[in-house]
Number of protein chains: 2
Amino acid sequence: MVTGRHETRERIVQAASELAWESGPGKLSLDAVAAKAGVSKGGLLYHFPSKAKLLEATVETFVEDYDRLLKEREAAHAQATTPVAQAFLDVFIDDVRCKRPPSSGILAALAEDPSFLNPIKRYDRALLDRIKADLGDTGLAMILYFVISGLKCNELLSLNVVRQDEIDSLTERLRALISE
Amino acid sequence: MVTGRHETRERIVQAASELAWESGPGKLSLDAVAAKAGVSKGGLLYHFPSKAKLLEATVETFVEDYDRLLKEREAAHAQATTPVAQAFLDVFIDDVRCKRPPSSGILAALAEDPSFLNPIKRYDRALLDRIKADLGDTGLAMILYFVISGLKCNELLSLNVVRQDEIDSLTERLRALISE
DNA sequence: TTGACAATACCGTCCAGACGGTACAGCTGT
DNA sequence: ACAGCTGTACCGTCTGGACGGTATTGTCAA
């Protein structure tokens with residue numbers, strides 16, 4: 001098969017994420033991932049020499065994708081007084097609007113070993129600091145960050161505690177809080 | 001060994017939770033749980049005829065324990081205007097103060113099958129409604145619920161994004177918001 | 001230009017070990 | 001007598017990963 005430089009790698013990572021969602025985070029097998037990605041198991045192990053490396057890459061990809069979206073939204077709010085906070089909200093709202101299945105790749109990584117989430121930990125700590133600096137108000141920054149974090153967690157674990165209209169009114173309220 | 005009626009059951013559930021924390025949520029084996037609980041595998045399977053039943057019980061125990069703590073705190077705030085919201089905050093604060101390892105039993109259940117979390121979903125939906133009724137202000141209730149939810153998630157996934165003093169100032173601010 | 005070689009990107013097979021679960025015989029405190 | 005176990009033996013399945021092989025593409029000296 002003729003493939004671009006890292007096209008197959010990306011396909012494998014995406015297949016892993018989708019499979020984690022479909023068959024449960026702890027039931028991710030390399031065989032299944034390979035099959036879903038349209039690659040033989042040998043081929044998979046060429047790109048990711050172990051399951052650990054695959055899950056590592058899944059988390060890293062997740063962070064990179066999120067960072068790209070956030071930067072895009074930040075650029076769109078470049079003239080605003082609180083671009084980071086606005087962008088942070090925007091990305092979350094887009095995420096729920098898109099109704100795409102939660103990124104269970106990170107759950108699969110968590111199931112294997114909690115320390116795989118370290119990149120997220122680092123990224124989010126830096127993000128929280130940026131929101132703080134952006135808003136000036138530390139307390140408000142934390143409220144914004146953790147409300148969104150709670151909502152994301154609710155999605156990630158498929159708890160579905162809130163309805164869409166409740167999410168909408170909550171995000172509107174947050175928008176008002178950070179626009180004052 | 002002399003045991004009470006359901007003492008062994010409880011010991012097994014607790015062993016499962018601890019093991020999920022120590023060796024990763026997805027690497028919970030019945031052999032290991034039995035060993036940790038000081039029970040033979042046959043004995044474990046006497047109490048929980050399958051792994052699914054064990055994880056189910058783990059989640060149920062988690063919800064029951066939480067409910068007991070919440071009710072205690074509610075009783076302590078019986079004369080206040082917003083007992084549920086106050087108690088909700090109290091239980092969280094106690095939880096982080098105790099510095100006990102996160103209840104990874106639910107992560108193990110999640111790894112096996114996300115639908116094991118349904119009891120939590122039901123409980124939390126009802127809890128959110130109670131906080132809403134308690135506070136009168138729907139938006140404020142959701143902010144309170146999701147900030148705490150975000151903080152819990154942060155703990156559950158061991159992300160440790162915030163320091164203890166930041167948590168303290170955030171919970172104080174929430175306390176002020178719901179005491180007005 | 002070409003031929004030798006090497007790196008890349010896979011394929012297909014195989015295996016040791018772990019796992020969930022079954023079965024069952026025996027022990028023991030009440 | 002019987003619930004509540006223990007201990008052992010076992011089965012079928014699945015899994016991560018090692019391994020050897022193959023086809024394609026790229027590099028580079030002669």
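Numbered from 1 within each chain, the chains take letters A, B, ... in sequence-line order. These numbers were taken from a predicted model, which means no experiment stands behind them.
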> What class does the angle between the rings of Tyr145(B) and Phe88(B) fall in, given that below 30° is parallel, 30 to 60° is tilted and above 60° is perpendicular?
Replying inline: parallel
> Closest nucleotide of DNA chain D for Ser50(A) versus for Leu44(B): which of these residues is on the 5' side?
Replying inline: Leu44(B)
Which atoms of nucleotides 12-15 of chain C (N or O only) lie under 3.5 Å from a protein N or O atom, and what are those distances?
none

> Is it true that Glu166(A) and Arg163(A) have a side-chain N and a carboxylate O under 4.0 angstrom from each other?
Replying inline: yes
> Expressed in angstrom and rounded to an integer, what is the separation of Arg9(B) atom CZ from dA3(D) atom C1'?
Replying inline: 15 Å
Cut-off 3.5 Å, no hydrogens considered: what does the side-chain donor-acceptor table look like for residues 16-24 of chain A, sequence neighbours left out?
| residue | atom | partner | partner atom | Å |
| --- | --- | --- | --- | --- |
| Glu18(A) | OE2 | Gln14(A) | NE2 | 2.8 |
| Glu22(A) | OE1 | Lys36(A) | NZ | 3.1 |
| Glu22(A) | OE2 | Lys36(A) | NZ | 2.8 |
| Ser23(A) | OG | Leu19(A) | O | 2.8 |

>> Would you say Leu110(A) ends up clustered with Val33(A) if hydrophobic residues are merged whenever their side chains have heavy atoms under 4.5 Å apart, either directly or through other cluster members?
In response: no
> Glu10(A) has an atom CD; how far is it from atom C1' of dA9(C), in whole Å?
Replying inline: 15 Å
>> Can you identify which nucleotide, out of dC5(D), dG20(C), dA9(C), has its nearest atom closest to the Thr8(B) side chain?
In response: dC5(D)
>> Measure CG/Leu28(A) against P/dC14(D) and give the value in whole Å, please.
In response: 16 Å
> Strictly by modelled atom types, are Gln86(A) and Asp90(A) linked by a side-chain donor-acceptor pair under 3.5 Å?
Replying inline: no
> Which whole-number value in Å describes the distance from Glu7(A) CD to dT8(C) P?
Replying inline: 18 Å
> Of Tyr46(A) and Val39(A), whose closest DNA chain C nucleotide lies nearer the 5' terminus?
Replying inline: Tyr46(A)
